[in-house]
A.B. asks: 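Would you mind keeping the following structure in view while I ask a few things?
Hydrogens, waters and symmetry mates are skipped; everything else that's a heavy atom, side chains included, is used. This one's a predicted model, so the numbers in the text were calculated from it and none came from an experiment.
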Amino acid sequence: MRRTEGLRRLVRETELGVEHLVMPLFVRQGRGIREAIPSLEGQYHFSPDTIVEEAGELVTLGIGAVCLFGIPDRKDEEASGAWDENGVVQQSVRKIKRELPELVVMVDTCLCEYMSHGHCGVVRGGEVDNDLSLKVLAKVAVSQARAGADAVSPSDMMDGRVGAIRQALDAEGFTHIPIVSYATKYASSFYAPFREAAQSAPQFGDRRGYQMDPANGDEAMREIRQDLEEGAD
């Protein structure tokens, strides 16, 4: 029976185990922080020191990866905390990789948590400026890679962001860093608990200008193809 199961696993096209799971973790500036998030039962806000402890427990459970979401002390209209070399995510990545090098550390590459207005891109004249946002997102991804992130995960949904990030990473010598794109992200109320956890709800308008209508399945497939063509992994 053991031999048969081994052969089955050898040719299995799809397999799901605990080692394939990615645990989202929310980190904020400070020390000794482990605060429950009301909107997400069982999830917490951590500080860079306590997130290392949490990551260590995940490793003992066999979980293969974490994805870090950062909440800065100060938000502005340029998302400067997202590409700060000493930002909360960058600090956390360095600490985790130093203590737990075997754990895959992915990072959310977005601007909403760092923006004073809560949108996923740079706002000019009351509208999100797609092309200007690409430049900032590329800067964020390079900063995260420099800190030691194993993968960047753009979730902003700006058009062309995968290509811009790939070009910036390659130019800085990070050709080996994969881009784990969200590809299709809907403007949906299902994200409300996450927005509370990340303190990233838009202060005006909504995200329908750059996130997808849940009714558009064909458009979703085109978005996926576009990301793959631009270099998403």
A.B. asks: Any chance you could measure Phe26, atom CZ, to Phe46, atom CZ, to the nearest 0.5 Å?
C.D. replies: 10.5 Å
A.B. asks: Output the distance between atom NZ (Lys75) and atom CE (Met115), rounded to the nearest 0.5 Å.
C.D. replies: 10.5 Å
A.B. asks: Distance only, no hydrogens: is a donor on one side chain within 3.5 Å (strictly under) of an acceptor on the other, for Ser155 and Asp108?
C.D. replies: yes
A.B. asks: Please round to the nearest 0.5 Å and tell me the distance separating atom OG1 of Thr109 and atom CH2 of Trp83.
C.D. replies: 15.0 Å
A.B. asks: To the nearest 0.5 Å, what is the distance between CZ on Arg166 and CD1 on Ile177?
C.D. replies: 8.0 Å
A.B. asks: Just by distance, do the side chain of Glu102 and the backbone of Gly64 share a donor-acceptor pair under 3.5 Å?
C.D. replies: no
A.B. asks: In chain order, what residues pass the side chain to side chain donor-acceptor pair (under 3.5 Å) check against Lys97, with sequence neighbours excluded?
C.D. replies: Asp150
A.B. asks: Keeping to residues at least two apart or across chains, list the side-chain hydrogen bond (donor to acceptor under 3.5 Å, both in side chains) pairs with something in residues 23-32.
C.D. replies: Gln29-Gln91
A.B. asks: Using distance only, find each side-chain donor-acceptor pair of residues 216-223 under 3.5 Å and give its atom names and separation, not counting sequence neighbours.
C.D. replies:
from   : atom 1 : to     : atom 2 : distance (Å)
Asn216 : ND2    : Glu219 : OE1    : 3.0

A.B. asks: Looking only at side-chain N and O atoms, does Ser181 offer a donor or acceptor that is under 3.5 Å from a partner on Arg161?
C.D. replies: yes
A.B. asks: Give a yes or no answer on whether the side chain of Ser133 reaches the backbone of Asp129 with a donor-acceptor pair at less than 3.5 Å.
C.D. replies: yes
A.B. asks: I need the Leu228 CG to Asp233 CG distance, nearest 0.5 Å.
C.D. replies: 9.0 Å
